[in-house]
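This report refers to the structure that appears directly beneath it.
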Amino acid sequence: MKAAILTGGGDCPGLNAVIRGVVRTIHNNGGQTLGMLEGWRGAIEGNTIELNPNETDEILPKGGTILGSSRTNPYKSPELTEQLLETFNKLGLDCLIAIGGDDTLGVASKLYNDHQLPVIGCPKTIDNDLSSTDFTFGFDTCLNTVMEATDKLRTTVESHRRIMVVECMGRHAGWITCFAGIAVAADAILVPEEECDIDELCERLKRRKEGGKHYGIVMVSEGAHLKGATVKQSGMIDDFGHVQLGGIGKQVAKLIEEKTGIETREVTLGHLQRGGSPSAYDRVLGTRLGIHAARNAIAGNFGKMVALRGLKIVAVPLAEAVGQMRTLYPEFMDEAREFLK
Ligand code: F6P
């Protein structure tokens, strides 16, 4: 079998674990794996490297992706799609394993449905918002990064009797913000799934101060809403039509200071959350997904995405997995609220 693998969309810790899992499994079954560079761009341009199992052993602890990534969309024009299909044939590939989020896997699903390209998908999103899989790799490392950073912020806000607003990633879903908020004993958690009533939030923070808590931690998702308005970082739109987010943290901090009179600061954790070496959990999850992606490819079980369901890795139809955002389950905010009164 001659397989190709690519990583698309935002990077995250654990991508290299998947790559290693794929390369080793294909190799163990007598096959060969090519890495396509910079996501779908490499697949269009035929920009590839040979991957071998010994070299990929070394990449396991590395964050990011050795293949590079991009948000290139081969369906932006029919010419690009055609070029991608030609490249696939020219390289004599038997299958393409795409590791990515909703955009990357949406393309993979279309290539399978419309052009019968033998593809396998592997779910990746730092936001943990892909449906059909319980957790995505990278999410655990990200939570630890947010937790460590916020624990450090806590010591300074405690000393200064301030409120600290911490802006986390999470475009449409509050998984990172809610889980990290629980992990750092936050005083408020603002997620995209719930519109924030700033007056109620400020009253709560004042009550907490009067009750003897002299500082506060407010966790907020980049996609959280204040009176229905999403705060945009810039007018920049990517190939898949997503606007760049960011800035809600600053806005919330300003309003809190104005309305409570408590000195307030803000930190946007940004891309720190996607960086660094993967945690043990993410290395294991990424490795397992890579092994199963390759096994499905070898078995000819195309048009599928490998997914974590409970403790098992299963294969689900790609078409089912893409196109529907998995927002934060309400029970997590419900549990978090025990500490947010
Ligand atoms: O893909 C997830 C994500 O990390 C979002 O949470 C964030 O809004 C976006 O990517 C940032 O994208 P970029 O790396 O292109 O700035």
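Start at 1 and go down the list; that is how both ligands and their atoms are numbered.
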> When the ring centroid of Tyr281 is compared with that of Phe135, is the distance short of 6.0 Å?
Replying inline: no
Q | Greater than 12 external heavy atoms within 6.0 Å of Lys250's NZ | A | no
Inventory of protein N or O atoms under 3.5 Å from ligand 1 N or O:
| unit_1 | atom_1 | unit_2 | atom_2 | d |
| --- | --- | --- | --- | --- |
| ligand 1 | 4 (O) | Arg274 | NH1 | 2.8 |
| ligand 1 | 6 (O) | Asp127 | OD1 | 3.0 |
| ligand 1 | 6 (O) | Asp127 | OD2 | 3.1 |
| ligand 1 | 6 (O) | Glu222 | OE2 | 2.7 |
| ligand 1 | 8 (O) | Arg171 | NE | 3.2 |
| ligand 1 | 8 (O) | Glu222 | OE1 | 3.2 |
| ligand 1 | 8 (O) | Glu222 | OE2 | 2.8 |
| ligand 1 | 10 (O) | Arg71 | NH2 | 3.2 |
| ligand 1 | 10 (O) | Arg274 | NH1 | 3.1 |
| ligand 1 | 12 (O) | Arg71 | NH2 | 2.9 |
| ligand 1 | 14 (O) | His271 | NE2 | 3.0 |
| ligand 1 | 14 (O) | Arg274 | NH1 | 3.1 |
| ligand 1 | 14 (O) | Arg274 | NH2 | 2.7 |
| ligand 1 | 15 (O) | Arg71 | NE | 3.2 |
| ligand 1 | 15 (O) | Arg71 | NH2 | 3.2 |
| ligand 1 | 16 (O) | His271 | NE2 | 3.0 |

Under 3.5 Å, sequence neighbours excluded: what are the donor-acceptor pairs made by side chains of residues 296-307?
| unit_1 | atom_1 | unit_2 | atom_2 | d |
| --- | --- | --- | --- | --- |
| Asn296 | OD1 | Asn301 | ND2 | 2.7 |
| Asn296 | ND2 | His292 | O | 2.8 |
| Asn301 | OD1 | Lys304 | NZ | 3.0 |

Under 3.5 Å, side-chain donor or acceptor atoms of residues 143-152 against the rest of the protein: list the pairs with distances, not counting sequence neighbours.
| unit_1 | atom_1 | unit_2 | atom_2 | d |
| --- | --- | --- | --- | --- |
| Asn144 | ND2 | Asp140 | O | 2.9 |
| Thr145 | OG1 | Thr141 | O | 3.0 |
| Thr150 | OG1 | Val146 | O | 2.7 |

Does atom CD of Glu200 have more than 12 heavy-atom neighbours from other groups under 6.0 Å away?
yes
Please report, to 0.1 Å, the donor-acceptor pairs under 3.5 Å made by any side chain of residues 10-17, with sequence neighbours excluded.
| unit_1 | atom_1 | unit_2 | atom_2 | d |
| --- | --- | --- | --- | --- |
| Asp11 | OD1 | Arg274 | NE | 2.9 |
| Asp11 | OD1 | Arg274 | NH2 | 3.4 |
| Asn16 | OD1 | Ile66 | N | 2.9 |
| Asn16 | ND2 | Lys62 | O | 3.1 |
| Asn16 | ND2 | Gly63 | O | 3.2 |
| Asn16 | ND2 | Gly64 | O | 3.3 |

